[in-house]
Number of protein chains: 2
Amino acid sequence: MAKRSSSSNEVLLGLLTIQPMSGYDLGQTIRESVGHFWNESYGQIYPNLKKLAAGGFVTARTERQKGKPDRQIYSITQKGRERLANWLAVPPQPEIPRNELLLKLFFGGQASLQVSMEHVQRMIETESAILRKIEQIEKEIDKNRQYPDVPYWSMAVRFGQLELEAHLRWAQETLTVLNKLAKKQQSRGTARKERRHGGK
Amino acid sequence: MAKRSSSSNEVLLGLLTIQPMSGYDLGQTIRESVGHFWNESYGQIYPNLKKLAAGGFVTARTERQKGKPDRQIYSITQKGRERLANWLAVPPQPEIPRNELLLKLFFGGQASLQVSMEHVQRMIETESAILRKIEQIEKEIDKNRQYPDVPYWSMAVRFGQLELEAHLRWAQETLTVLNKLAKKQQSRGTARKERRHGGK
DNA sequence: GGGTGCATGTAATGGGTTACATGATTCT
DNA sequence: AGAATCATGTAACCCATTACATGCACCC
């Protein structure tokens with residue numbers, strides 16, 4: 001069984017080393033910091049926080065607010081830090097990739113060239129947007145230079161940059177190839193038509 | 001509900017357009033062709049083939065073998081091709097990334113520099129191996145130039161190449177940064193020691 | 001008046017891996 | 001003799017997302 005024992009709990013512990021936070025805060029922080037290489041849904045965050053609290057890895061304190069609902073503020077404990085350190089020392093599992101775009105492109109021969117080109121085009125747009133967002137994050141990190149973990153955050157950002165740039169280079173290259181295929185198909189099409197209709 | 005309606009069925013359909021195959025063959029083929037961007041386990045392949053057969057997207061024919069167990073050979077039907085084409089036309093869903101290495105590096109401040117460096121080092125080794133395998137696949141594709149889908153396969157391979165190269169560049173760069181951090185930490189360590197012991 | 005943000009939580013649902021079961025053959 | 005490959009299949013389990021539920025405040 002064992003399986004992945006997935007890192008969902010450890011992201012929470014890790015972020016709580018920066019400062020105590022509520023489940024809601026954690027959700028926000030995940031999206032804004034590690035969002036481009038790690039996601040968690042609230043349906044995962046809230047139950048996991050309860051489990052972590054039950055195990056003594058975090059402690060909860062209720063903060064009452066006027067108007068808004070109460071907040072549960074979680075802090076990491078010594079035991080939690082130890083668990084985090086243990087997890088950090090374990091070599092990361094090799095990723096099981098699932099890239100739907102590549103899959104659709106791989107079977108591109110079963111669709112029209114138009115379809116494949118649109119997919120790549122759309123990819124360029126979404127990934128460019130992410131790249132811009134990451135560069136935004138980079139600036140944000142630079143502003144908060146007081147935190148000692150900044151070098152590590154920068155490494156993660158840098159990864160995103162280099163990877164996305166590679167993706168975009170590939171996408172441009174691929175569009176060129178698809179265009180050439182389209183021209184070939186077109187010329188074959190007219191050639192056939194000309195033959196059928198007795199040429200010009 | 002709807003959810004991802006995941007592409008597990010469509011990979012099977014897609015590969016069956018190349019030629020009729022058994023569930024076992026499909027497993028092999030997936031690993032050897034789309035393996036670096038798409039995975040399927042047998043626990044997924046066999047039940048899905050049955051469902052596809054029940055829906056009329058593929059047909060099964062039993063092939064008896066001496067010594068070895070019977071093989072169920074599946075062929076794609078016209079209905080299956082239509083389903084594949086429909087799926088191909090749908091814009092691929094943006095990936096929900098989960099990169100455990102990056103996560104561990106992001107929280108690197110909670111562990112020793114040694115740990116982070118080992119993770120990156122190990123990544124260089126595994127990704128280099130994958131890169132070599134992909135270059136092998138490239139040659140394999142070049143040999144089978146008779147298939148009309150070769151250009152599409154090449155695009156997928158090229159993606160893997162560019163991405164992995166970017167990863168490796170990042171890893172080298174990151175090792176350098178980690179080394180510098182280690183030196184800084186060391187000099188601070190000796191400085192403190194010298195102060196404590198009255199300096200030289 | 002209606003949408004969005006704050007804030008927490010549970011239930012349903014589904015996707016997917018791992019482990020188990022079976023059994024003959026071939027390679028080392 | 002034992003491991004690996006061929007070959008198919010099922011059951012257990014778990015991870016995770018989505019949907020639903022609730023309710024106040026603030027802004028347009």
Side-chain angles (χ1 to χ4, degrees), chain A residues 1-12 20-32 35 38-54 58 60-74 87 93-100 103, chain B residues 1-12 20-32 34-35 37-54 58 60-74 87 93-100 103:
Chain A
M1 260 139 258
K3 222 187 171 170
R4 292 170 133 314
S5 85
S6 165
S7 319
S8 299
N9 288 304
E10 280 75 17
V11 204
L12 304 176
M21 277 184 268
S22 70
Y24 190 80
D25 292 340
L26 282 164
Q28 303 295 99
T29 309
I30 287 170
R31 237 187 302 154
E32 290 162 17
W38 200 272
N39 258 12
E40 289 299 335
S41 61
Y42 286 115
Q44 194 82 341
I45 293 172
Y46 286 119
N48 278 333
L49 280 172
K50 289 209 161 174
K51 272 181 243 160
L52 286 171
V58 300
R61 142 177 75 87
T62 305
E63 193 182 277
R64 234 151 297 163
Q65 297 187 125
K66 26 157 195 173
K68 290 176 201 167
D70 290 359
R71 285 160 53 88
Q72 297 294 319
I73 310 286
Y74 292 91
W87 169 80
Q93 293 305 304
E95 308 292 317
I96 313 114
R98 289 213 141 185
N99 189 327
E100 201 182 317
L103 197 60
Chain B
M1 261 141 257
K3 221 184 173 173
R4 290 171 134 312
S5 87
S6 166
S7 319
S8 298
N9 288 304
E10 280 75 16
V11 204
L12 303 177
M21 275 184 269
S22 70
Y24 190 81
D25 292 340
L26 283 164
Q28 303 295 98
T29 309
I30 287 169
R31 239 188 300 154
E32 291 163 18
V34 297
F37 57 86
W38 199 272
N39 258 10
E40 289 299 336
S41 62
Y42 286 114
Q44 194 82 344
I45 293 173
Y46 287 119
N48 277 334
L49 281 171
K50 289 209 160 174
K51 271 181 243 161
L52 285 171
V58 299
R61 143 176 75 86
T62 306
E63 194 182 275
R64 237 151 296 162
Q65 297 188 125
K66 24 158 194 166
K68 292 177 201 169
D70 290 359
R71 284 159 55 87
Q72 297 293 320
I73 309 288
Y74 292 91
W87 170 78
Q93 292 306 302
E95 309 291 318
I96 314 113
R98 289 212 138 185
N99 189 327
E100 201 183 316
L103 197 60

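We name chains A, B, ... by the order of the sequence lines, and we start the count at 1 in each one. Since this is a predicted model, take the numbers as computed values, not measurements.
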Look at the side-chain N and O atoms of [X] and state whether any lies under 4.0 Å from the OP1 or OP2 oxygen of [N].
| X | N | result |
| --- | --- | --- |
| S6(A) | dA16(D) | yes |
| Q65(A) | dA7(C) | yes |
| Y24(A) | dT8(C) | no |
| S8(B) | dG16(C) | yes |

Minimal non-hydrogen separation, [X] against [Y], with atom names:
| X | Y | result |
| --- | --- | --- |
| L49(A) | Y74(A) | CD1-CE1, 3.6 Å |
| G27(B) | I45(B) | CA-CD1, 3.7 Å |
| P97(A) | G35(B) | CG-O, 4.2 Å |
| E100(B) | Q93(A) | OE1-N, 3.7 Å |

Can you work out whether Q28(B) or G43(B) has the more 5'-proximal nearest nucleotide on DNA chain D?
Q28(B)

Closest nucleotide among [options] to the [X] side chain:
| X | options | answer |
| --- | --- | --- |
| R98(A) | dG9(D), dG16(C), dT17(D) | dG16(C) |
| P69(A) | dC6(C), dG9(C), dT17(D) | dC6(C) |
| S41(B) | dG9(D), dT17(C), dC15(D) | dT17(C) |
| S22(B) | dA7(C), dT8(D), dT17(D) | dT8(D) |
| Q72(B) | dT8(D), dT17(C), dG9(C) | dT8(D) |

For G23(A), which contact category applies under a 4.0 Å heavy-atom criterion: base, sugar-phosphate, or nothing?
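Sugar-phosphate: the residue G23(A), judged by heavy atoms under 4.0 Å, touches backbone atoms but no base.
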
Spacing between [X] atom [atom1] and [N] atom [atom2], to the nearest angstrom:
| X | N | atom1 | atom2 | value |
| --- | --- | --- | --- | --- |
| L49(A) | dT8(C) | CG | C1' | 11 Å |
| Q44(B) | dG16(C) | CD | P | 5 Å |
| I73(A) | dT8(C) | CD1 | P | 7 Å |
| D70(B) | dT25(C) | CG | P | 14 Å |
| N39(B) | dG15(C) | CG | C1' | 14 Å |
| I45(A) | dA16(D) | CD1 | P | 12 Å |
| D25(B) | dC6(D) | CG | P | 9 Å |

Exam field: side chain R98(B) to backbone N39(A), donor-acceptor pair closer than 3.5 Å:
yes

Pick the closest DNA chain C nucleotide for P47(A) and for R71(A) by heavy atoms, then say which residue is nearer the 5' end.
R71(A)

